[in-house]
Structure formats: C-alpha cells, structure tokens
Number of protein chains: 2
Amino acid sequence: MRVACSQCNLRELCLAVGLDEGDLHKLDDLVTKRKLKRGQQLYRAGDPFEAMYAIRTGFFKTDILTEEGLEQVTGFQMAGEIIGMDGISNDRHVCNATALEDSEVCVMPYDQLEELSRKIQTLQQQFHKLMSREIVRDQSLMILLGSMRAEKRIAAFLLNLSQRMRMRGYSASEFHLRMTREEIGSYLGLKLETVSRAFSKFHDEGLIGVQQKYIRILNADGLKALLNHSTP
Amino acid sequence: MRVACSQCNLRELCLAVGLDEGDLHKLDDLVTKRKLKRGQQLYRAGDPFEAMYAIRTGFFKTDILTEEGLEQVTGFQMAGEIIGMDGISNDRHVCNATALEDSEVCVMPYDQLEELSRKIQTLQQQFHKLMSREIVRDQSLMILLGSMRAEKRIAAFLLNLSQRMRMRGYSASEFHLRMTREEIGSYLGLKLETVSRAFSKFHDEGLIGVQQKYIRILNADGLKALLNHSTP
DNA sequence: CGAAGGTTTGATGGTTGTCAAATGGTGTGG
DNA sequence: CCACACCATTTGACAACCATCAAACCTTCG
C-alpha cells in the first residue's frame, strides 16, 4: 500500500516539513501504510526496532510494564505525531504502542530513513527536531508529575488535549476521550478515582461538561487559572 | 583550546563510539573545551541553541523554572554524558544547565555536528542513539515520578547514581553527592524534608551510611529489595 | 568568629490512595 | 432484538503518606 507524503494534509506536522517536491517523492518511496483495529498493538516492548510510525488517522497510547507488572502510560498520540523513537537507543522498543481506536499509520523503515536523512539536510534537521521535541515533551510531563497537584495535572491534561485538537482543525472545546479514566490516571500518576473526582468537581464548577468520555470545555480560562495558582 | 577525542578516556560513553582514527580526527576538529566553576551556568533557558556539550569532568544539573517561579530539576549529569539536546527543537534551550562542581566540557557546535554526521554514518547513528537514550531516560523518570512512593524513588535514585559511578570506574559503594537535599527532592518530586527523612531511615536500617553529602552504600541488595516491593 | 545556608527532626494537617458498593454503558450471544 | 455479563465510572468513608511549619543543629565560608 502506497501513500503520498506530497498529498498528505498532515505533512506540516510530520517529517515532511519543509521538503520540496523532489525530496517529498523520495520520502514517498520508503513509506508504506498499515491499518490497526482498536486494541491492536503497533509494537511491543522488546520487539526489534525496525521503523518509526507517523499516525495518519486514529489515536494511540504508549505504555511500559513496570517491574511489578503494573502498566504505566507514557503518552497519548494523535494524527500527525510520530512514534517509535524510543527503539533507536537499543535496537529494541522499550514500550508498547496500542491503537485506542481504528487507526492508520505510515511505516518508515529506520535504516532507509537514516540513509535518506544523510542526503537531505532538511529531512535530517526535521528528524532531529522531532526527537528533541519528544525530549522536551517528556520533560514537561516530568514537571507535571513532580510538582503539580492532582487537579492541576488534570486541568493541564485537558488543556493540552484541547490545544492539540485545535492544531489539527478539530473542535478544541468538545471531543471524545479515547482512553479510560484508569489510563489517564496512569499517565498523570494518579488513581482512576482521583481522576473521576476531579472531572466531577470541574463539572460542578461549570468548567467542563462531562458525559462519560464526551468532554466539553466550558470555561477554558477557568482551567488555565488553575494552572497559575500556586501550590495549595 | 583543543582536545583530542582520539585520546579521551571517555570516548566509549560519548559521541565518538565506534569511530575509526580518521573520523575521530574530523570530530576533534570541531570540538573545543570550556571550563566552568561551581555554580556557573553552561546555558540558560531561552539562550539560542548553538552547541551540544560533552562533560569531560565534573557534575551538572539541568533545571526548568516552572510558571510559578519554582525550580524543577530535570536531571543530573556526569562525565561522559551529553547535554543540550533539548535546544534542538526550537533553536533555543528550554532548561538551564549549571555546574555543581568545577567542571570541563567539550563544546560541539551543532551545525558542524549535523554536517559531519551526514558524512559519517557511524557518527549519525551514535547521535541518534544518544537522543533516543535521553528519551528513554526521561521515560524511566516519568515512571519513577508517576508510580513510586517516596522511599522507592530515593532508593532508585541512589542505585542509579551508584551504577553510573561504577560505569566510570569510580567506587559504586561510596561517593559524594554534589547536589543538595532540595535539588534531589526537586528531581524526585519530593520535599527536602522527605528526602532527609528517607536518608535517615535507610541509615537506621543499615542500608546506607550518611554523613552530610558523603554516602556509603552498605547494603545494595536491601535497597534493590525496596524497588521490587509492591505499592504499600 | 559570625553569618548564612544546608540538614535533621518533630508535630500537625491536607491530599490522595485504598477499599467498597452502586450505577451506568457496551457488546455479545442466545 | 433483547438479556445478560462485563467493564467503566461514580461516589463515599477511611487511612496512609507526604507536605507544611517550626525549631535546633551542623557545616562552610567570608
């Protein structure tokens, strides 16, 4: 299955940023598509690292099994985002990637990508920026986990999702959560009950509307205000 | 000031892994040295990103100022480790890097490094592995912050330091902490008092010896056992 | 030698985890 | 197409853990 980066409406979020026509076609040549049903895994921890994946449609989570056998979610990814970079360091993936809804990804074989990025400077730069962005993203999450209280974490989580929806042209004020309360909690270092309670509290305060997984942001400024509040 | 990667005893930890003689000299040509006194900053958040730095001697911390003006430590780095990769994504550094003791770094101008890594495949691969390792490292910290209790975090912190000391040929069982209790706490998402209490408790239990910043690991297996214990 | 900063230790309270039970949704197989 | 089972979510009561506030001690450095 072939797919054309040159035709893709997500190329501004993806590795293809800034490439000219000719280079786009070279990138096209190494990309194939793959479809996943909800619940299917794109790769598992321990799998040999062969490719990176650009999400075309759908929604993913990445997670790690801790020593004690507990699952910890390390990220939620949506269309236009790249996953799999964790595998480069040891030639094996360290986390699992699971589709949270029916999804489609572009498969980019890593050795070919490396080769092409030696030839195309713009691609090389974009690749490095993507990896660096992942580092910065992880560090923001560290700050969130290390210094924020439960409600702040959840407010930050909702605002982050909202902003990423907007960047993709979806509504920033209402959307379906693709993950469970437990997965949110795992991501934010909280228990599912705490997540549920915070949702209920925000609901009572008129900040958001909650109907199961359907969320409406009713007062974005109110949520942002929670972030600026000091520690209490 | 010139420095020879080909002569450096840390090259197996650094970007120079796997390079042959000729390539090592090309890397030499773009590297310069810089010395820092304790407390001096290598770069600050917001500074334009110009270079990555390999630590030759000394000890660093990286930190970020949160919205509320609180400092959050994102990492401690020692000889052989590379810092500055956070700056690639936006051409500006997002964190501060501060020497915690008198230190010396190799300055690697980024544009030259990028250029050279297009020519030397081994260098390119090593560079990517380093960035990926940083991503994986951040994710381990996320797990630690998201799912471990205070004592576990601190046990994990001590064991991690110990192991990195061993890898560098220093004693793994006794060393000086270069950072304060407050900095440890900030890194681990705890308050300094909690760090101090955990040290005291480990001390009372005969797991470690503590004299201010001088730490001895007396019972490494005992510390490791704390990590395997479930949530209690 | 004095001051400043780092560390230890104690007492107390707040936030979040734990356990438990009830409710609501979803999907499958009869 | 409905009934049932199963999973996700909500809510409450309680306990554990860690943060906070406070005071004393220790080290280091000017």
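- Listed nucleotides: C:dG6, C:dT18, D:dT11. Nearest to the side chain of B:Lys213: C:dG6.
- The pair A:Lys201-A:Glu205 meets the salt-bridge criterion, since a charged nitrogen lies less than 4.0 angstrom from a carboxylate oxygen.
- Applying the ring pair (Phe, Tyr, Trp, His ring centres under 6.0 Å) criterion to A:Phe175, with sequence neighbours excluded, gives no partner residue.
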Might you list the N or O atoms of the protein lying below 3.5 Å from N or O atoms in nucleotides 23-28 of chain D, with each pair's distance?
none

Atom pairs, protein N/O to nucleotides 10-13 of chain C N/O, distance under 3.5 Å:
from   : atom 1 : to       : atom 2 : distance (Å)
C:dG10 : N7     : B:Arg197 : NH1    : 2.9
C:dG10 : O6     : B:Arg197 : NH2    : 3.0
C:dA11 : N6     : B:Arg197 : NH2    : 3.4

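- Rounded to an integer number of Å, the gap from A:Lys191 NZ to D:dT10 C1' is 17 Å.
- Between the CZ atom of A:Arg149 and the C1' atom of C:dG14 there is a distance of 9 Å, given to the nearest Å.
- Both A:Glu182 and B:Leu190 lie close to DNA chain D; mapped to their nearest nucleotides by heavy-atom distance, the more 5′-ward contact belongs to A:Glu182.
- Residue-level contact check: B:Gly189 touches the backbone only, with heavy atoms under 4.0 Å from sugar-phosphate atoms and none from bases.
- The aromatic rings of A:Tyr53 and A:Tyr43 lie parallel to each other, their planes meeting at an angle below 30°, with 60° marking the opposite boundary.
- One distance of note links CD1 of A:Ile83 with NE2 of A:His93; it measures 9.0 Å at 0.5 Å rounding.
- Taking only side-chain atoms of B:Arg181, from C-beta outward, the nucleotide of C:dG17, D:dT10, C:dT8 with the closest atom is C:dT8.
- Rounded to a whole Å, the NZ atom of A:Lys37 is 13 Å from the P atom of C:dG27.
- Summarising the geometry of B:Arg153 relative to B:Leu188, their closest heavy-atom pair is NH1-O, 2.7 Å, with the distance given to 0.1 Å.
- Toward the 5' end of DNA chain C, the nearer of the two residues A:Glu151 and B:Gln211, judged by each one's closest nucleotide, is B:Gln211.
- Proximity of the aromatic rings of B:Phe76 and B:Phe60 is defined here by a centroid distance below 6.0 angstrom, and this criterion is not met.
- The distance between atom CD of A:Glu183 and atom C1' of D:dT9, rounded to the nearest whole Å, is 14 Å.
- Under the side chain to side chain donor-acceptor pair (under 3.5 Å) criterion, the residue pairs touching residues 70-85 of chain A are A:Lys61-A:Glu71, A:Thr62-A:Thr74, A:Thr62-A:Gln77, A:Glu81-A:Arg164, A:Glu81-A:Arg168, with sequence neighbours excluded.
- Atom CD1 of A:Ile184 and atom P of C:dG17 are 14 Å apart (whole Å).
- For C:dT9, the OP1/OP2 oxygens have a side-chain nitrogen or oxygen of B:Ser200 closer than 4.0 Å.
- Within the nucleic acid shown, B:Leu192 comes within 4.0 Å of at least one base atom, counting heavy atoms only.
- Within the nucleic acid shown, A:Thr180 comes within 4.0 Å of sugar-phosphate atoms alone, with no base atom in reach, counting heavy atoms only.
- Look at B:Glu101 and B:Arg178 and you find a salt bridge, because one of the NZ, NE, NH1 or NH2 atoms lies within 4.0 Å of a carboxylate O, short of that distance.
- For the pair A:Lys201 NZ and D:dT10 P, the interatomic distance rounds to 16 Å; values are reported in whole Å.
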Dump the intermediate steps for side chain to side chain contact (heavy atoms under 4.5 Å, CB included) on A:Leu226 and A:Phe202, then the final yes or no. CA-CA 11 Å; A:Leu226 285 177; A:Phe202 291 168; 3.5 Å; yes

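- Two end axes, each from the C1' atoms of five base pairs, can be drawn for the helix from C:dC1-D:dG30 to C:dG30-D:dC1; they diverge by 50°, to 10 degrees.
- B:Met179 contributes atom CE, which lies 5.5 Å from atom CD1 of B:Ile184 (distance to the nearest 0.5 angstrom).
- B:Lys152 places its NZ atom 13 Å from the P atom of D:dC17, with the value rounded to the nearest Å.
- Across all their heavy atoms, A:Val94 and A:Ala45 have their closest contact at O-CB, 3.5 Å.
- A:Arg44 is linked by a salt bridge (Lys or Arg N to Asp or Glu O under 4.0 Å) to nothing, counting only residues two or more places apart in sequence or in another chain.
- One atom, CD1 of A:Ile215, and another, C1' of D:dA8, lie 14 Å apart when rounded to the nearest Å.
- Distances from the side chain of A:Thr194 to the nucleotides C:dG17, D:dA19, C:dT7 place C:dG17 closest.
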